[in-house]
Number of protein chains: 2
Amino acid sequence: MVVTLKDVAERAGVSRSAVSRAYTEGASVSEKTRKKVEKASRELGYSPSLIARSLATNRTKLIGLVANNFQNPIFLEVFDLYTRALQERGLRPLLVNLTNETNPEHSVQMLRQYNVDGVIVATSTLQPRFSRAFKNANMPVVHAFGRFEQGSPVHVVGIDNLACGRMAADTLMRHGYKKIAFLGGPQMATSTQDRASGFLSQLKASNIEIADVVYATAYNYDAGQEAMLELLGNQQVDAIFCGDDLICMGAMDAARNNGLAIPDDIGFLGFNDMHMSAWSAYNLSTIRQPTPDIILSSIELVVSLVDDPERAMETRIFPCSVVERGTLKPLKP
Amino acid sequence: MVVTLKDVAERAGVSRSAVSRAYTEGASVSEKTRKKVEKASRELGYSPSLIARSLATNRTKLIGLVANNFQNPIFLEVFDLYTRALQERGLRPLLVNLTNETNPEHSVQMLRQYNVDGVIVATSTLQPRFSRAFKNANMPVVHAFGRFEQGSPVHVVGIDNLACGRMAADTLMRHGYKKIAFLGGPQMATSTQDRASGFLSQLKASNIEIADVVYATAYNYDAGQEAMLELLGNQQVDAIFCGDDLICMGAMDAARNNGLAIPDDIGFLGFNDMHMSAWSAYNLSTIRQPTPDIILSSIELVVSLVDDPERAMETRIFPCSVVERGTLKPLKP
DNA sequence: TTGATTTTTGCAACCGGTTGCAAAAAAAAT
DNA sequence: ATTTTTTTTGCAACCGGTTGCAAAAATCAA
C-alpha cells in the first residue's frame, strides 16, 4: 500500500541504509547510489515518513504554537506570519488553543505526547505558570509577546511595555491633551500592568494627574465597549490611551454612540497597529508593535534552543513606534 | 532521560504489553495490573509517545487543516472553532498555510510526510485541484465551505451558494431597492460564481435588471474598497450585495468617504455574519452562514472517513438566514 | 604491482510503542 | 477434584526509519 524505504531499497538494488543516507543531508553516499535511489523513489512515488524518522532521531520538526486569544484579529496576522515562517524552515506549527484552559498540565501533556521540538507561547495574557510548566517538562520554550523582566525562567521576545506606556503618555501630552484616561486590557495581564505603569509614571513625571483608569475584561471589542461606557459614566476626559487597538475600536464606537466626535471631543491612542487600524472607519493613531520582528526572532530563538537547550537565558526587546493617524487632534504648532 | 514503556513495565513488574494494554481503551487487562501500571507511571511521570504509537497503529490523530486566507478575520473564528472541537476529540490540527501556493504537490508532500489521518480544506477560494490532489494521495479529505455539486470527487460540507444568492436578491427587492449591483469576491472562486449566479437569476426572474457587477480581487477589506471605487465610477446604484462581509466593510467605507449615507443613499447586504458585522461602526445586514455547524459536521465527516475511507460520497448543505441590521432601509410596510 | 588511506556500503541494533498468538491463570461447570 | 471455558499475560515480530561499526571498494602513494 504505502511505499517504504524497503521498497525503494529493493528496487534500487541497495541496502536500506543507503536509501536513508540518500535522504540525509551530509551523509556518506556516492553520487552513483544517490542517483539510483532517486530514480527508484521517483518511480515508486516514495516520500519518507517523518513519523518514523522522528522516532529514530528524536526530532519531530513540530513546534507547539500556544495561544489563548482567538477573538482578536491581530492573532490572525500572528498565525499567518508564524505558519509561513515555520513552513519555510521545514517546521510545522501544532496549534494549541488555550481559551478557557486553566490547568497547565493538560497542555504539557498534549505537547509532550507529540514530542514537539519546541514551544512558542504567543500571547501576552497567558499566566506565566504555563510557560514555566513547559520549561519544567524540559521543552525548549520561548515566550513571544511576553513580559520583559530580569531573571525570567523562560526566554522572552517582545517589547518593553513600560517604555511603550511612557511613549503613549508623551504622545498624548505632545498633542496637548490634559484630561487623560487609561483604558487597559485585562488587569491580570502583565502587558496591561506594564503599559499602565509606564503610562501613569510618565504622566506623573509631567505633573498631569490621571483622570481615570479602567480595565476591559478581555482583549476584544465588546469588552472595550463596556469599559468605555463605564468610563463615560465618570468624569469628563479628553483623551484615552487604550491597551489594545481592538479594545480601542470598541471604545471609539461606544463614544460615538454617545454623541462624542473623534478627535474633536475626545482623542484615542491605540496599541498594536493591526491592519484594521488603518481602516477609514477608525483611522486609529496607535503605537506600533513590530510583530514580524518578534515572530521571526522567536522562531530563530526556539530553533537554536533545540540544538542547545542550555543556551544562556535571553530576552530580546524590539522598539515600538508611534503611528499618527486621525484619532488625535493635530499637534500644537 | 525520558520515561518509556519499558521503565514503567519494570517498575510495575509486568510486561511491556501489559503497560501498553493498560493505556488502550477496551484492551484485555485485569483491574489489578492496571492499578499497578497506573501507580508506576504516576511515580515515574510517564506519558506515552504518540509518535511511537502512530508508527505502530498507522494513526497519528493529526488532521491537516488547510487554509489560504489569513487576512479575513472570519478565519480566526474558523480556526478557533476547529482547534477547540478537534482538541475535544483528542485530535490535533496541523495548520497548512497555502497563501501564494500554486503547486498542490507541495502540500500533498507536507501532509503525507506527517501521515495525517485526514485533511479538512477550509476555504472556498482554493482551486479544486488541491483537494483532488489530497484525495488522489489517498487521504480522507473533506472540503468545508466548498462548492456543492453533483459528482464532486471529494466530500463537501457547506452551503448552497446559489440559494444564498437568490435569498440576497429577494432580501434587497423586499426592501424596495431597484438599482441593484453585485460586488463579489474573487471571480475564480466557486463561491463567488455561485452567489453571483443565484443572485442574478433571481433578479432576472423578477424583471429587475442588474445595475452593475464588479469583483474584488481578494476576500479582504482593501479589495472591497477598490472594487467599490470602481463601481462608484459607473452609474448610480441604490443597493449592493457583497459577496463577503469584510469586502462589504471596505465597500461601505469607500462609499462613506465619497459622501454617501448608509442606508439612505445606498444600501448594503453582506455575507457571512462575522462577529465584526455587529459592530456599531458597520451594523451590517447580512446573510448568515452557519459556520459552527459546518465546522462540526466537517470534523464528524472526516473522522468517520478515517475508519471507513470507502464511505459513500456525501455533500452536506446547511441553510443560511438573513440577519437584518442597519445597512438596508426599513422594509416597506 | 603493492600497500596505505579514504570513501562507501551493509549489517544489525535501536527508537517506543502495538498486537497476534499461544501459554498460563482464573473462573465456571461438572 | 477434575475438566471445560474464559480471561489475562508475555513473547516476539512488527511499524519505518537512523546510525555506529566493521568490512568492502575505491583512490592514492610509492
Side-chain angles (χ1 to χ4, degrees), chain A residues 1-38 40-41 44-62 90 109 111-117 138 307, chain B residues 1-38 40-41 44-62 90 109 111-117 138 307:
Chain A
M1 170 89 194
V2 61
V3 185
T4 79
L5 200 68
K6 192 155 146 274
D7 304 322
V8 177
E10 277 166 11
R11 173 146 198 142
V14 298
S15 73
R16 290 165 51 215
S17 338
V19 179
S20 172
R21 290 192 179 107
Y23 277 94
T24 314
E25 195 75 12
S28 166
V29 226
S30 68
E31 201 50 36
K32 192 158 48 135
T33 53
R34 163 169 283 130
K35 283 274 183 291
K36 279 197 283 187
V37 168
E38 268 170 16
S41 42
L44 261 37
Y46 170 71
S47 81
S49 156
L50 277 187
I51 300 290
R53 174 177 295 172
S54 297
L55 191 56
T57 60
N58 203 23
R59 288 284 142 78
T60 54
K61 303 261 180 191
L62 287 172
Q109 199 82 348
L111 292 168
R112 215 173 28 186
Q113 285 189 333
Y114 279 100
N115 251 359
V116 294
D117 287 348
N138 273 318
D307 295 318
Chain B
M1 171 90 192
V2 61
V3 186
T4 78
L5 198 69
K6 188 153 148 277
D7 304 322
V8 178
E10 277 166 11
R11 173 147 199 142
V14 297
S15 72
R16 288 165 53 215
S17 338
V19 179
S20 172
R21 292 193 176 102
Y23 277 94
T24 314
E25 195 74 12
S28 166
V29 227
S30 68
E31 201 49 37
K32 190 157 49 133
T33 53
R34 163 169 284 130
K35 283 273 183 290
K36 278 198 283 187
V37 168
E38 269 169 16
S41 43
L44 261 38
Y46 170 71
S47 81
S49 157
L50 277 188
I51 300 289
R53 173 177 295 172
S54 297
L55 191 56
T57 59
N58 203 24
R59 287 285 141 81
T60 53
K61 303 261 180 192
L62 288 173
Q109 199 80 348
L111 293 167
R112 216 175 27 190
Q113 285 189 335
Y114 278 100
N115 251 1
V116 294
D117 287 348
N138 272 318
D307 295 319

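Proteins get letters first, then strands, A, B, ... in listed order; numbering begins at 1 in each. Being a predicted model, the structure only gives us computed values, none of them experimental.
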Picking from D:dG10, D:dG16, D:dC21, the nucleotide nearest the side-chain atoms of A:Leu55 would be D:dG16

Answer with base, sugar-phosphate or nothing: what part of the nucleic acid does B:Thr4 contact at a heavy-atom distance below 4.0 Å? sugar-phosphate

To the nearest 0.5 Å, atom CG of B:Leu50 lies from atom OG of A:Ser54 at 12.0 Å

Check whether any side-chain nitrogen or oxygen of B:Ser49 sits under 4.0 Å from OP1 or OP2 of C:dG16, and answer yes or no.
no

Is A:Tyr23 near enough to D:dT19 that one of its side-chain N or O atoms lies under 4.0 angstrom from OP1 or OP2? no

Side-chain atoms of B:Ser28 come closest, of D:dT8, D:dG16, C:dT9, to D:dT8

Which of D:dT8, C:dT19, C:dG17 is nearest the side chain of B:Ser30? It is D:dT8

Does A:Thr24 use its side chain to pair, donor to acceptor, with the backbone of A:Ala27 at less than 3.5 Å?
no

Quiz prompt | B:Thr33 vs B:Ser30, side chain to side chain donor-acceptor pair (under 3.5 Å): CA-CA, chis, key distance, verdict | solution = CA-CA 6 Å; B:Thr33 53; B:Ser30 68; 3.2 Å; yes

Out of C:dC11, D:dG16, D:dG17, minimum distance to the side chain of A:Val2 belongs to D:dG16

Phosphate oxygens OP1/OP2 of C:dT9: is one of them under 4.0 Å from a side-chain N or O of A:Thr33? yes

Rounded to whole Å, the CD-P distance (B:Glu25 to C:dT19) equals 13 Å

To the nearest angstrom, the NZ-C1' distance between B:Lys36 and D:dG10 comes to 13 Å

B:Arg112 CZ to D:dG16 P, in whole Å, measures 13 Å

Of A:Lys32 and A:Thr24, the one whose closest nucleotide on DNA chain D sits nearer the 5' end is A:Thr24

Assign each of B:Arg21 and B:Ile51 the nucleotide of DNA chain C bearing its closest heavy atom; nearer the 5' end lies the nucleotide of B:Ile51

From the candidates D:dG17, C:dT9, C:dG17, the one with an atom nearest any side-chain atom of B:Arg53 is C:dG17

Of the listed C:dG17, C:dG10, D:dT8, the closest approach to the B:Pro48 side chain comes from C:dG17

Tell whether A:Arg16 reaches the base of D:dG17 with its side chain through a donor-acceptor pair below 3.5 angstrom.
yes

Tell me whether A:Asp117 contacts the main-chain N or O of A:Arg59 through its side chain, where contact means a donor paired with an acceptor under 3.5 Å. no

* Asked: Base, sugar-phosphate alone, or nothing: which one does B:Val19 contact when heavy atoms must sit under 4.0 Å apart?
  -> nothing

Margin query: If the cut-off is 4.0 Å, is B:Thr57 near the phosphate of C:dT18, judged by side-chain N/O to OP1 or OP2?
Written below: no

To the nearest angstrom, the CG-P distance between A:Asp7 and D:dG16 comes to 9 Å

The nucleotide from D:dT18, D:dA12, C:dG16 with an atom nearest the side chain of A:Ala56 is D:dT18

Could you verify whether a donor N or O on one side chain and an acceptor N or O on the other, from A:Tyr23 and A:Ser41, lie under 3.5 Å apart?
yes

Taken to the nearest whole Å, NZ/A:Lys6 to P/C:dG10 is 16 Å

Is the backbone of B:Asn115 close enough, under 3.5 Å, to the side chain of B:Thr60 for a donor and an acceptor to pair up by distance? yes

Whole-Å distance, A:Glu10 CD to C:dG10 C1', equals 15 Å

In whole angstroms, the gap separating P of C:dT9 from CZ of A:Arg34 amounts to 10 Å

Rounded to whole Å, the CG-P distance (A:Leu5 to D:dT18) equals 7 Å

